[in-house]
K.L.:
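Before we start, here is the structure in question, set down as C-alpha cells.
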Amino acid sequence: MEINPILQNVLAPPVLFFLIGAISVLFKSDLEIPAPLPKLFSLYLLLAIGFKGGIEIQKSGFTDQVLPTLSAAILMSLVIPLIGFLILRFKFDVFNSAAIAAAYGSISAVTFISAESFLESQKIAFDGFMVGALALMESPAIIVGLLLVKFAAPQNRPKSRKMHLSAILHESLLNGSVYLLLSSLIVGFLTASSNPSGIAKMEPFTGQLFYGAECFFLLDMGIVAAQRLPRLKNAGSFLIGFAIFMPLFNAFIGVFVARFLSLGPGNSLLFVVLCASASYLAVPAAMRMTVPEAKSSYYISTTLGLTFPFNIVLGIPIYMSLVNTIIPLSPL
Amino acid sequence: MEINPILQNVLAPPVLFFLIGAISVLFKSDLEIPAPLPKLFSLYLLLAIGFKGGIEIQKSGFTDQVLPTLSAAILMSLVIPLIGFLILRFKFDVFNSAAIAAAYGSISAVTFISAESFLESQKIAFDGFMVGALALMESPAIIVGLLLVKFAAPQNRPKSRKMHLSAILHESLLNGSVYLLLSSLIVGFLTASSNPSGIAKMEPFTGQLFYGAECFFLLDMGIVAAQRLPRLKNAGSFLIGFAIFMPLFNAFIGVFVARFLSLGPGNSLLFVVLCASASYLAVPAAMRMTVPEAKSSYYISTTLGLTFPFNIVLGIPIYMSLVNTIIPLSPL
Amino acid sequence: MEINPILQNVLAPPVLFFLIGAISVLFKSDLEIPAPLPKLFSLYLLLAIGFKGGIEIQKSGFTDQVLPTLSAAILMSLVIPLIGFLILRFKFDVFNSAAIAAAYGSISAVTFISAESFLESQKIAFDGFMVGALALMESPAIIVGLLLVKFAAPQNRPKSRKMHLSAILHESLLNGSVYLLLSSLIVGFLTASSNPSGIAKMEPFTGQLFYGAECFFLLDMGIVAAQRLPRLKNAGSFLIGFAIFMPLFNAFIGVFVARFLSLGPGNSLLFVVLCASASYLAVPAAMRMTVPEAKSSYYISTTLGLTFPFNIVLGIPIYMSLVNTIIPLSPL
Amino acid sequence: MKRLDLIFSERELDAIIKTLEKANVPGYTVMKHATGRGPERVVTEDMEFTGLGSNAHVIVFCEQELIDKMRDNIRDDLSYYGGVAYISEATPL
Amino acid sequence: MKRLDLIFSERELDAIIKTLEKANVPGYTVMKHATGRGPERVVTEDMEFTGLGSNAHVIVFCEQELIDKMRDNIRDDLSYYGGVAYISEATPL
Amino acid sequence: MKRLDLIFSERELDAIIKTLEKANVPGYTVMKHATGRGPERVVTEDMEFTGLGSNAHVIVFCEQELIDKMRDNIRDDLSYYGGVAYISEATPL
Ligand SMILES: Nc1ncnc2c1ncn2[C@@H]1O[C@H](COP(=O)(O)O)[C@@H](O)[C@H]1O
Ligand SMILES: Nc1ncnc2c1ncn2[C@@H]1O[C@H](COP(=O)(O)O)[C@@H](O)[C@H]1O
Ligand SMILES: Nc1ncnc2c1ncn2[C@@H]1O[C@H](COP(=O)(O)O)[C@@H](O)[C@H]1O
Ligand code: NA
Ligand code: NA
Ligand code: NA
C-alpha cells in the first residue's frame, strides 16, 4: 500500500477541516459550533444525499447490477451486527453488545460522501444507485440489534418497557435521520420522473453547496470526535480495539462480496465503506429509545470518537488499496 | 377542473417536502427541525423575496397595470377582514373575530412563492411588481383588525392597555416580518437603480439558493402544520369550516377583481393567492402583542394548521383552474 | 473629499442591510436574529475569508511586496495598541486602557471584506495576499495588551490569576476566531497547492454565497451596533471621542506607511482599513478571559457600537479619499 | 434572601426588566426559549419563528422588601399576557 | 404551594407531559437543551444533533396533593432513562 | 437535600465542573445561553457570537456537606468573572 493515496485523502478540504476541528480540541482552542448548527448541517446533508440519490436512481434505472448490489447491502447489514454481537459478548452484556453491534451494521452517511469525494478527486467512476444501498443499510441493523435484545436478553428486563415488533419497526424506519434520507430519496425520484425542471432549480442548494457544507459539518465532527475520544478510555482497550478492528474486518468481507458481485472499483469502494462505517445518528438514537440498559457513551463514543475519524482519514484510502488489490484478481 | 394540475403541483419538490414533514408527524417520526432554524429560513425567505421584488419593481418601472393592481390589493386586504369579522362574529367574541379576520386579510409570503414556483413550472408568465402587492397587503389587515377591536370591543377592556393609533401603526408597519420584507424590497430597489453590479453578486444567495431553502422551510412547515392541526379540533367545526371556506371565498372575489383589472393569467393567480392566503407571521405576532384577549391558538392554528396546507397542496391548482375559467370569459 | 463615494458606499447592499438593522432598533421593530444564527454567519465568514485568502496567497506566491507589507502590518498591530494605551490612560485604569487599546490594534474581518466589496464596486484592483495581513494582525495586539497588563498593572491583582506567557500565547493564537481564520487559510493554501480541483468544488460555498451571507450578517451587526450604541453614553464622552478619533488617526498613520511601501491604491485602502478597524471578536474574547478587571462593555461597545458602524458607513470611503490624496503625492 | 421565579411571554421581557430595574434589584438572570402551558394558553416551539414568541424564565435573587416593592408592577405586567411568579427561600453560598 | 423540578432526557418529554396533564396540573414550563451528568450517564451537547437527545428541565408549580398523585407515574417515567425530580416550597407572588 | 444554583460566565464552566466533580457531587445540570445583569456587568445575547460568552446556569442537587466542601472553591471560581451561588431546600420526589 503506497502512502500517496492517504496523503492525498488527508489533503482534501473535507478531511483538512475535520483535522482542524480535532486539533482545535487538542490545543484547547475555544472554537465551538453551538447547537443546533450541527443539526442544521446534518439535516441538510441527509436531505441532499437523499434527493440527489433519488434522481440518480431514477436516471440510471434498474440495471442488472442494482438488485444484486442492494440485496447484498441489506444482507451485510444483517450479518455484520451478528458477528459484532458475538465478538462483543466476550466483554459486554447483551444490551451493550447488541447496541454497539447494531451501530457497526448500519452506516455513516458522511463517511459515504467522503468516499464519494475521494473517488471524484481520484477520477474514479461510481454509480448513483449506491445511495440506494446507503439508504437500505440504515435500518436492518437496528432491527437485528433490537431482535438480539428481545431474544437474548434476560426475560425480565426490570427497567424496560415491552418491545413489540411494531416498536422495533417504528424505531428502525421512522427514526428522524432514516426517515429524512428515505423520503428525500423518494422526492428526488419523483422529481426526476415527473418534474425534471425541478432538478435544475434544486441543484444550487443540494448540489453546488454540498461540498462546502460537508466541510463545515466535518469541522464540527472533528471537534466532536476529539471531545469523544478521551471518554473511550473509560470504556477499556477491548472497545478501542474493536472500533478499529471491526471496520477493517467488515471492509475485508465487503471487498470480497463486491468482487463476487463484479462491481467496478468505484462502486466497490462505496460498498466496502458502507460495510466498514458505523452509525452515529440513526442507531444510537434508536438504541437510546429502546435499550436504555446500554450505555450510550459506549456506542456513540466508539463510532463518533474512533471509527468515524479512522475511516475518514485513513480508512478510505486503505479500502481503496484493498479494492485495487482484490478486485482485479483473477476470478474466484 | 382536471386532476392533472393538482397532481403536478403535488409532485413539485416544495410540496413534496411539505408532505414529508406532515407525514413524519402522522407516523410519529422523531424528525425535528429545532429552533431557531425555522427562523433562519423564514428570515432568509423574507429577505430574498423582498430583495428580488425590489429589483423587479425597479426594472419593470411603473406600468399602467401597477397602480390599479396595488390599489386593488390594498383594498382587498381592507375588505376581507371586514367580511371575515362579520362571519366570525356568529360564533366568536369581538377579540377573536378581529384577530382571525385580520389574519385572513393579510397574506402568507410562502404561499405566494409557492404560487410563483407553480407558475414557473407551468411556464406561465407573471410580473415582478406583484411582490409589491404582497408587501402592501401585509399591514392594512392588521390595522383593520386593531381598529375593529378599538371600536367594536367593550369600552372597558379590563386586562388591556390603551391602544393608540401610534401603537396600531407601529404593530402593523414595524412588525419584524413586515419590516424585513419592506426594507429588503427597498434595498433591492436601490441596488437595482444605483448599484446594478450588486445584483449579480447577490444572485447566488437570494436567487439560486432560494428554491432549495424554500423546500427546507416547507419541510418544517409540514411538521408544524401537522402538529397544529389536531389542536383545531378544540376550536370546533365552525372554525375548521371557516379555514377552508374563507380562502375559497376570497379567491372567488379575487378572481373577479383580477378580471376587472384585466390581469394576465399569471398575475391573476398571484392576486388570487394573495387574497386566499392567510398570515401566520405578521398578523399573529401583532395580535398577540395588542389583543391578548384573543386566543392565539385560534388564529395561528387555523392559518398554519389548515389554510396554509390547503392552499399549498390543493388551493393553488384550484385557483389556477378558477383563473383559467373566469379570466378568459367575454368582458363583463 | 467628494460626497459621491460615501453615497455610493452607502447604497451597496451590505451597507444598506447594516442600516436596515440599525434602523429597526431605532424604530423599535421586533426584528431579531436569534442566537446562534449570528455565530453561524460569523463562523462561515471567517472560514470563507481564510480559505479564499489561502488560495490567493498560494496563487500569487511571495512577490516582492508580500514580505514588507506583512511585516508592516504586524508592526502596526504592535504600535497602535501602545499609542492607544497612552491616550486611554488619561482617563482609564491600566486594565481598561490595555483592553481597549488591544481591540484597536487588532482588526475586524467584516470591515476588511466591506472594504474589498467597496474596491470591487469601484473596480480598483487589490491583492489576495492582503488577507495574510488580516490574519497576521489579529494576534499581536492581544499579546501587547496582555503584556501591558502584566507589566503596567499593580503587582498584586487581587481578583486575578497569574498570567504566564503560555496563557498569553494561548489566548492570542488559539482564540476561536483567530484559530478558524488561520487554519482555514492553511486549508486554502494546501488545497490550492495539492488539490486544485477542490477549489472549484468549494467555490459555490466560500465564493458565490459570500456576498449574500455578508449582507445577512451585516443586518444582524446593524441590530447589535444600534443596541450597543446607547450603552456608550455611560462610558462617557472621552471614550466616544476615542472610538471615532482612533480609527481616523490609525488610518492616517496607515496611509503613510502604505505610501512608504509603494502599495497600489487597492492594497493601500485595505492596509489603512486594517489599521483603522477594531476587533470585536478575538480581542474581547481574549480580554474577558484574562483581564476580568476591564469592563467588557467598554471595549465591546466602542468597537461594535461606534467604530464598526463608522468604518462601514463613512470610514471606508473617507479612507479611499485619503489614499487617493496621499498615495499619488510625489515621493517623500 | 429570596428567589423570585418569573415565567411569561418573552414579548413582555422589556417591561418586566424595566420593573426590576426600577426596583433596583441587585441582578437578574434571563433564560429564553421556554415553552409550556398555563391555565389558558399553550406555548409551543413554533411560536418562535412565527414571531408570537415563546416564554422567558427570569430568576431574581433579592431581599423580601424588594419583592414587596415590585409586587404590584409585576402582577400588572403578568396580568396582560399571563405568566406566573413564585417566591422561595434562598441562602447565598 | 410546591415547586417540582424534573430533569430528564428530552426523549421522555411526551411521556412526562402526559403524566402531568393526566394529573391536571395548572401548568408547566419546559426548558430544553440542558446537559449534565447523573449517577450513570453524561449528557453532552453533541447528543442533540445525533438524535440521542439532551435533557429537558420541567418546572411545575402546584399543590402538594397533585404531586402525591403523580409521584408513582413520574418515578416510573424517570426509571426508564434516568433523571431527577425534586420538590421545594414556593409561594405565589 | 439541598439545591445549589450557580449562575456565571460560560467561559468559567470547565472550572466549575471540575470543582463539582472533585467534590463528587451525584450529578449536575447545565443550561447555557442565559443572559442577565449582576452588580457589575450586563450579559447580553450578542456576547455569544463575539466569543465573550453568555451565562451558564448550573443546578446541583446534593447534600449540605458536599456544598460545605465545595464552598471555597466555588467562591474562588466566581470571584474571577463574577456570578452568583444560592442554596435552597429540596426534597427528592
Ligand atoms: N403551574 C405552572 N407551573 C409552571 N409553569 C407555569 C405554570 N402555569 C403557567 N406556567 C408558565 O407560564 C406561562 C404562561 O402561563 P399563562 O399565564 O397561563 O399564559 C406558561 O406558558 C408556562 O410556561
Ligand atoms: N444531583 C443532580 N443534580 C442536578 N442534576 C442532576 C443530578 N443528577 C442527575 N441530574 C440531571 O439528570 C440527568 C439524568 O441523570 P441520570 O438519571 O443519572 O441519567 C442528568 O443528565 C442531569 O442533567
Ligand atoms: N441578584 C441576582 N439574581 C439573579 N441573577 C443574578 C443576580 N446577580 C447576578 N446574577 C447573574 O449572575 C451573572 C453574573 O453576575 P456578576 O457577578 O454581577 O457579573 C449575571 O449576568 C446574572 O445572570
Ligand atoms: Na457498517
Ligand atoms: Na389574504
Ligand atoms: Na486596527
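In what follows, every chain begins at residue 1, and chains take the letters A, B, ... in the order their sequences are listed.
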K.L.:
Tell me if the centroids of the rings in Y280(A) and F308(A) come within less than 6.0 Å of each other.
P.N.:
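Between F308(A) and Y280(A), which both carry aromatic rings, the centre distance is below 6.0 Å.
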
K.L.:
Between T206(A) and chain B, which part of the residue has a heavy atom less than 4.5 Å away: side chain, backbone, both or neither?
P.N.:
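For T206(A), there is no contact with chain B at all, as no heavy atom is under 4.5 Å.
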
K.L.:
At a heavy-atom separation under 4.5 Å, does I23(B) approach chain A through its side chain, its backbone, both, or neither?
P.N.:
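For I23(B), the contact with chain A is made by backbone and side chain together.
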
K.L.:
Non-hydrogen atoms of chain B under 4.5 Å away: do they reach the side chain of Q208(A), the backbone, both or neither?
P.N.:
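The side chain, not the backbone.
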
K.L.:
Below 4.5 Å from any heavy atom of chain B, which atoms of L47(A) appear? Answer side chain, backbone, both or neither.
P.N.:
side chain

K.L.:
Which atom names give the shortest non-hydrogen contact between S277(B) and S108(B), and what distance separates them?
P.N.:
OG-N, 3.0 Å

K.L.:
Given heavy-atom pairs under 4.5 angstrom as the criterion, report whether the side chain, backbone, both or neither of L209(A) touches chain B.
P.N.:
side chain

K.L.:
Please determine which of L26(B), I312(B), V313(B), L218(B) meets the side-chain contact (heavy atoms from CB on, under 4.5 Å) test together with L19(B).
P.N.:
V313(B)

K.L.:
Relative to chain A, which segment of L219(B) carries a heavy atom at a distance below 4.5 Å: side chain, backbone, both, or neither?
P.N.:
side chain

K.L.:
Using modelled atom types only, decide if a donor and an acceptor are shared between the side chain of S321(B) and the backbone of P317(B) within a distance under 3.5 Å.
P.N.:
yes

K.L.:
ring-ring contact (aromatic ring centres under 6.0 Å, His included) between F217(B) and F18(B): does it pass, once the steps are laid out?
P.N.:
CA-CA 8 Å; F217(B) 186 65; F18(B) 179 83; over 10 Å; no

K.L.:
Under the side-chain contact (heavy atoms from CB on, under 4.5 Å) test against V131(A), which residue among K52(A), E116(A), E56(A) passes?
P.N.:
E116(A)

K.L.:
Where on E32(B) is there a heavy atom nearer than 4.5 Å to chain A: the side chain, the backbone, both, or neither?
P.N.:
backbone

K.L.:
Quick check for you: among P36(B), S24(B), S117(B), A12(B), which has the greatest number of heavy-atom pairs under 4.5 Å with chain A?
P.N.:
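Answer, by heavy-atom pair count under 4.5 Å with chain A: S24(B).
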
K.L.:
The test is ring-ring contact (aromatic ring centres under 6.0 Å, His included); show your working for F205(A) and Y211(B) and say whether it passes.
P.N.:
CA-CA 8 Å; F205(A) 185 73; Y211(B) 195 73; 9.7 Å; no

K.L.:
Side chain from CB out, backbone as N, CA, C, O: work out which of these in S184(A) comes under 4.5 Å of a heavy atom of chain B, or both, or neither.
P.N.:
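For S184(A), heavy atoms of backbone and side chain both lie under 4.5 Å from chain B.
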
